[in-house]
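Just so we're on the same page: letters track the sequence lines, and every chain starts at 1.
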2 protein chains.
Amino acid sequence: MAKHNAAPAACEPYPRPLCTVDVIILTLLDATLQVLLVQREDAPGEPFPGRWALPGGIVDTQHDRSLEDCARRKLLDKTGVVAPHLEQIGSWGDAVRDPRGWSTTHVYLALLPAATLHPRRGGNAADLRWFPLEPPAGGPALPPLAFDHARLLGAGLARLRGKAEYTSLPIYLLPQTFTLSELQAVFQVVLGRSLEKKAFRTRILASGLVEELDEMKETSRRPARLYRRKTDEGLHYFPRALESHGGSVGPS
Amino acid sequence: MAKHNAAPAACEPYPRPLCTVDVIILTLLDATLQVLLVQREDAPGEPFPGRWALPGGIVDTQHDRSLEDCARRKLLDKTGVVAPHLEQIGSWGDAVRDPRGWSTTHVYLALLPAATLHPRRGGNAADLRWFPLEPPAGGPALPPLAFDHARLLGAGLARLRGKAEYTSLPIYLLPQTFTLSELQAVFQVVLGRSLEKKAFRTRILASGLVEELDEMKETSRRPARLYRRKTDEGLHYFPRALESHGGSVGPS
DNA sequence: GCATAAAGTGTTTCTGTACCACTAATTTAG
DNA sequence: CTAAATTAGTGGTACAGAAACACTTTATGC
């Protein structure tokens, strides 16, 4: 290990950046999009002590086999589950985002249904909590975040919202079975606007994305048929984006 | 600098990964998509000596202000120009892609018109050359690449092809002015299939993406009107993806 | 029984992609 | 000079899917 640290100094004329992974973990609770944040340790010498941050940390080159494995580890560590959806959002790297010096972070987005969650306060995190996000117009009503995590979270949300216009992405926020109205509602929460019911139902049912179950969900009104995502269906791309009322369509 | 390298050893229990940037530089030459490759130095101790690779290298934490700045530097270094389009494709990081140990690379895609290019063999590269890519069905007819660069190049090409279905992305492979037929041709090369002329023209002209010039281009047949990209137009997203004959639509 | 509200459906309008035939503008060959 | 060939450009139709809205069905509460 000491030998390995000596190698950079031998053939590399400048120090390596710090390498971290940060995970934006989203779920739907109380008809609201929620993000999981950890409170950093309030210790001297720690950057942004006591500040809320996205779960993540330094890549363990001894045990993590890849960046994605690191992300999966952090996710499992904090939520106890494997996310049905995990994707890389992008990487940020510069000399000023971290007071410790030049650093890179590799940001992942995880979407989870709320039902089976039990957030766990692993490692040296002071606290772990779900925070509701505001609809897009109001901006997120969150505590100030450590590092550049507000920006990273913004990028993750923009990805989710952009992709909701032309893919099935928000479906991963739902439990295994759901009604079509619940599916529509999750899209509406993500997009921050209402969708026309008939058009939405036609879109989903025609896509082959879901299969209907023999079960009905007992609601306070008419019972609703339950559906689930077909097991051989990954992320579905629709041939046409939803029409929005102002603003451009697509990922940003 | 010695102090900086001491810091990792003090509070980090494992060594930092090597941090590099690789750039997939594409242009259109002779109606063929071409990728710029560098030949690595044939020196003992160098990983993959003499092997062709994507332009790139280690992040210079003294001079590069960000990952993207590093990518821009590498691009300028090799082509002498600033690309009209540069985007981050993604990051790869693991213990096995580089014989030097745990490493990360941050991959960027640059699209350039061919007209003003003068590839320059900067640094310690043995050679620098444009290689034509085959149409998708035939697979790329390239020399074996160093590291995992074949995989990275594949990801970049998939990005370009995916986005060609629903955005204006291939337009950046063209010079400042172009005919609609040239624009259609570049889309066809990227997508590897022909497009229906009328539908394509309607799509482009209705999008507000291009403006017509008073000039005509003298061809061997009927003169064609010249167009250029509107200056306030970034990447354009079309409301509907092109219809493909088999295979799904969207980025992969 | 009626009002209410959610689940589900029938039908029409609109937008944009594909298709194909045709016209316009040039070059080339007989 | 005329006809053929080829590219640039256009008119018009068919089709797929998103939006809109009215209506029917299924339950609960008064």
Side-chain angles (χ1 to χ4, degrees), chain A residues 31 164-168 174 177-188 191 193-227 236-250, chain B residues 31 164-168 174 177-188 191 193-227 236-250:
Chain A
E165 303 280 354
Y166 64 96
T167 75
S168 58
L174 286 175
T177 63
F178 46 82
T179 66
L180 288 186
S181 295
E182 281 164 347
L183 185 56
Q184 179 170 346
V186 74
F187 270 84
Q188 288 174 166
L191 292 165
R193 68 180 196 266
S194 67
L195 298 171
E196 208 281 317
K197 181 175 55 169
K198 178 62 196 281
F200 184 80
R201 293 175 69 95
T202 305
R203 181 169 163 96
I204 296 295
L205 295 179
S207 69
L209 170 65
V210 298
E211 60 193 357
E212 61 177 55
L213 303 179
D214 286 339
E215 282 175 83
M216 305 298 273
K217 174 161 180 161
E218 300 303 325
T219 72
S220 56
R221 299 296 180 189
R222 173 174 168 165
R225 180 168 294 280
L226 283 169
Y227 293 80
H236 181 88
Y237 288 80
F238 295 100
R240 184 184 238 184
L242 296 171
E243 282 177 18
S244 54
H245 306 281
S248 63
V249 163
Chain B
E165 303 281 354
Y166 64 98
T167 74
S168 59
L174 286 173
T177 64
F178 46 82
T179 67
L180 288 184
S181 294
E182 284 165 346
L183 185 58
Q184 178 170 347
V186 72
F187 270 84
Q188 287 173 166
L191 292 165
R193 68 179 194 265
S194 65
L195 300 172
E196 205 282 318
K197 181 172 58 167
K198 178 63 195 283
F200 184 81
R201 294 175 69 96
T202 305
R203 180 168 164 101
I204 297 295
L205 295 177
S207 70
L209 171 65
V210 298
E211 60 193 359
E212 59 176 55
L213 303 179
D214 286 339
E215 284 176 80
M216 303 298 271
K217 174 162 182 165
E218 299 303 325
T219 72
S220 56
R221 300 295 180 189
R222 176 174 165 165
R225 179 169 292 282
L226 282 169
Y227 293 82
H236 181 88
Y237 289 78
F238 295 100
R240 184 184 240 185
L242 297 170
E243 282 177 15
S244 54
H245 306 282
S248 62
V249 164

Whole angstrom value for the distance that separates [atom2] of [N] from [atom1] of [X]:
| X | N | atom1 | atom2 | result |
| --- | --- | --- | --- | --- |
| B/Y166 | C/dG16 | OH | P | 18 Å |
| B/F238 | D/dG17 | CZ | C1' | 19 Å |
| A/Q188 | D/dA19 | CD | P | 11 Å |
| B/F187 | C/dA18 | CZ | P | 12 Å |
| A/E212 | C/dG8 | CD | C1' | 12 Å |
| B/E243 | C/dC19 | CD | P | 8 Å |
| B/R193 | C/dA18 | CZ | C1' | 12 Å |
| A/Q184 | D/dA19 | CD | C1' | 12 Å |

Options [options], nucleotide nearest the side-chain atoms of [X]:
| X | options | result |
| --- | --- | --- |
| A/K197 | C/dA7, C/dT26, D/dA19 | C/dA7 |
| A/K198 | C/dG10, D/dG17, C/dG8 | C/dG10 |
| B/L242 | C/dA18, C/dA7, D/dA19 | C/dA18 |
| A/A199 | C/dA7, C/dA18, D/dA18 | D/dA18 |
| B/R225 | D/dG9, C/dG8, C/dG16 | D/dG9 |

Can you pull every protein N or O that's under 3.5 Å from an N or O on nucleotides 28-30 of chain D?
unit_1	atom_1	unit_2	atom_2	d
D/dT28	O2	A/R221	NH1	3.4

Between B/E182 and B/K217, does at least one N-O distance fall below 4.0 Å, as a salt bridge requires?
-> yes
Less than 4.0 Å between a side-chain N and a carboxylate O, is that true for B/E211 and B/R225?
-> no
When only distance counts, do a donor and an acceptor, one from the side chain of A/R222 and one from the base of C/dA7, lie under 3.5 Å apart?
->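 Per atom types, the contact qualifies.
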Is there a donor-acceptor contact under 3.5 Å from the side chain of A/Q188 to the main chain of A/L195?
->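 Flag set: sc A/Q188 to bb A/L195 pair under 3.5 Å.
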Would a distance-only check, ignoring hydrogens and angles, find a side-chain to backbone donor-acceptor pair under 3.5 Å from B/Q184 to B/F200?
-> no
Of B/F200 and A/M216, the one whose nearest nucleotide on DNA chain C sits closer to the 5' end is A/M216
Of A/E196 and B/A224, the one whose nearest nucleotide on DNA chain D sits closer to the 5' end is B/A224
Is the charged tip of A/R203 near the ring of A/F238: under 6.0 Å from the six-membered ring centre and within 45° of its axis?
->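 Verdict for A/F238: a cation-pi partner in A/R203.
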Is the distance from OP1 or OP2 of [N] to the nearest side-chain N or O of [X] less than 4.0 Å?
| X | N | value |
| --- | --- | --- |
| B/S181 | D/dA8 | yes |
| A/R240 | C/dT15 | no |
| A/R201 | C/dG8 | yes |

Rounded to the nearest 0.5 Å, what's the gap from OG1 on A/T167 to NE2 on A/H236? Could you check?
->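 Atom-to-atom, A/T167:OG1 and A/H236:NE2 are 9.0 Å apart.
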Interatomic distance, CG@A/L191 vs CG@A/L242, rounded to 0.5 Å, equals 6.5 Å
Is there a salt bridge (charged side-chain N to carboxylate O under 4.0 Å, His left out) between A/E165 and A/R193 once you walk through the steps?
-> CA-CA 11 Å; A/E165 303 280 354; A/R193 68 180 196 266; 2.9 Å; yes
